[in-house]
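Read the structure below first, then the notes.
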Amino acid sequence: VPEDKITVIYNGMDLSPYENLPEKNIFRQSRGLEGKKIILFLGRIAAEKGVDFLVEAFSEVEGKNAILVIAGNDMGFKARLDEIIQKKSLDARVVFTGFLGGQEKFSALIDSDVLVYPSVEEIFGLVPFEALMCGTPVIVTAGCGCGQIINREGIGYTVRYGDIGGVKEKIAEVLAGGSATPAMVEKGRAFVRENLSIERAAARHVEVYRSLL
């Protein structure tokens, strides 16, 4: 197909909730995680989401203050995670919250030190962009749609799917206060506002239809 016949329109996000986000530390206090470094996974607990290799990578992260929070509905894969957690003696360092929605989701994103999105494949994936809008740095797999954008725009860290060592290194870098991280987050916020608003997505659709008339 000729390139001039193809138009890429990103998924649109409702950005209005990010104008009035919850205060910091609400999620931490509600879960008894004060003083902890929070690594967050937010999404369905399913094989294609790569949570198993995230748990493996987390087991190599040094520091007793680091906590892995896994937030999402179990799609039948949690039993596999429980096996890894037991094998790696991580019971006290992994927290399952179940599904988080609304303000509770935003609170978790705001209070996390880093979001890891380790999917094997994802058509797009909005969660990393939600995290950036909440001021949280992201680590994503390069093969999914959002990973390609994040890598190209330089607004987060990318790793290969299943690269346990790579994920561990990036988590350690962020938790250690990597100098590039704040700039990535601010650049990411600007990118989302400019490119991913639902208004922008709608306008792009209108442009395509008008070009055909």
Side-chain angles (χ1 to χ4, degrees), residues 1-24 26-27 39-44 46 48-50 71-73 99-161 170 174 178-213:
V1 179
E3 288 191 16
D4 63 356
K5 296 294 185 181
I6 300 171
T7 299
V8 176
I9 302 176
Y10 297 138
N11 283 358
M13 292 174 58
D14 177 10
L15 301 185
S16 60
Y18 302 96
E19 302 301 320
N20 188 28
L21 289 168
E23 297 289 332
K24 286 185 71 68
I26 293 175
F27 179 80
I39 297 105
L40 176 67
F41 167 82
L42 179 65
R44 293 180 296 107
E48 66 271 17
K49 291 293 186 177
N73 288 330
F99 174 78
L100 297 180
Q103 292 295 93
E104 193 175 20
K105 177 185 75 172
F106 293 130
S107 290
L109 288 168
I110 288 169
D111 284 353
S112 295
D113 293 276
V114 61
L115 172 98
V116 184
Y117 200 69
S119 297
V120 59
E121 60 181 20
E122 201 81 45
I123 296 174
F124 194 75
L126 288 174
V127 173
F129 300 111
E130 293 178 325
L132 288 168
M133 289 300 291
C134 290
T136 301
V138 299
I139 301 168
V140 301
T141 42
C144 55
C146 64
Q148 295 171 11
I149 296 169
I150 286 168
N151 183 56
R152 186 189 68 221
E153 299 296 329
I155 55 179
Y157 299 92
T158 56
V159 295
R160 290 182 294 104
Y161 174 78
K170 294 303 181 186
V174 174
S179 59
T181 302
M184 283 181 173
V185 172
E186 286 308 309
K187 188 178 180 182
R189 280 172 161 169
F191 175 84
V192 171
R193 291 191 182 101
E194 184 176 343
N195 297 278
L196 299 187
S197 70
I198 194 69
E199 292 82 7
R200 177 60 176 158
R204 294 286 286 121
H205 279 86
V206 172
E207 289 172 9
V208 171
Y209 279 104
R210 282 180 172 163
S211 72
L212 300 175
L213 295 177

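For this chain, numbers begin at 1 and follow the sequence in order. Heavy-atom basis, side chains included; hydrogens, waters and symmetry copies ignored.
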Arg210, CZ atom: more than 12 neighbouring heavy atoms under 6.0 Å: no
Phe41 side chain reached by Lys49 side chain, heavy atoms, under 4.5 Å: yes
Neighbour count above 12 (heavy atom, 6.0 Å) for Asn20 CG: no
Lys187 side chain vs Gly154 backbone, donor-acceptor pair below 3.5 Å: no
Spatial distance of atom OG1 (Thr181) from atom NZ (Lys170) [nearest 0.5 Å]: 9.5 Å
Distance (rounded to the nearest 0.5 Å) between Lys24 NZ and Asp111 CG: 5.5 Å
Side chain proximity check, Thr158 to Ile150, heavy atoms < 4.5 angstrom: yes
Pairwise distance CG(Leu212) to OG1(Thr7) - rounded to 0.5 angstrom: 8.0 Å
Asp113 side chain near Val174 side chain, heavy-atom distance below 4.5 Å: no
Output field: ring centroids Phe129/Phe124 closer than 6.0 Å: yes
Minimal non-hydrogen separation, Ala71 against Leu40, with atom names: CB-CD1, 4.3 Å
Salt bridge Arg200-Glu207, side-chain N to carboxylate O under 4.0 Å: yes
Spatial distance of atom SG (Cys146) from atom CD (Glu153) [nearest 0.5 Å]: 13.0 Å
Within-4.5 Å side-chain heavy-atom neighbours: Asn11 and Leu126: yes
Nearest-0.5 Å distance, CD1 of residue Ile149 to CD1 of residue Ile155: 7.5 Å
Phe106 and Tyr18 aromatic ring geometry - parallel, tilted or perpendicular at 30°/60° bounds: perpendicular
Val138 vs Tyr117 side-chain heavy atoms within contact, under 4.5 Å: no
More than 12 heavy atoms from other groups under 6.0 Å of CD1 on Ile6: yes
Test item: Leu21 and Ile110 side chains (from C-beta on) under 4.5 Å apart, heavy atoms: yes
Side-chain (Asn151) to main-chain (Gly147) donor-acceptor, under 3.5 angstrom: no
Nearest heavy atoms of Ala201 and Gly12, plus distance in Å: CB-CA, 4.0 Å
Minimum side-chain heavy-atom gap Met184-Tyr157 below 4.5 Å: yes
Thr136 side chain vs Leu109 backbone, donor-acceptor pair below 3.5 Å: yes
Closest non-hydrogen atom pair, Pro128 against Leu115: CA-CD2, 3.7 Å
Heavy-atom pair of closest approach, residues Ser119 and Thr141: O-OG1, 2.5 Å
Ala108 backbone acceptor or donor facing Ser112 side chain under 3.5 Å: yes
Spacing of Glu130 atom CD and Lys105 atom NZ [to the nearest 0.5 Å]: 3.5 Å
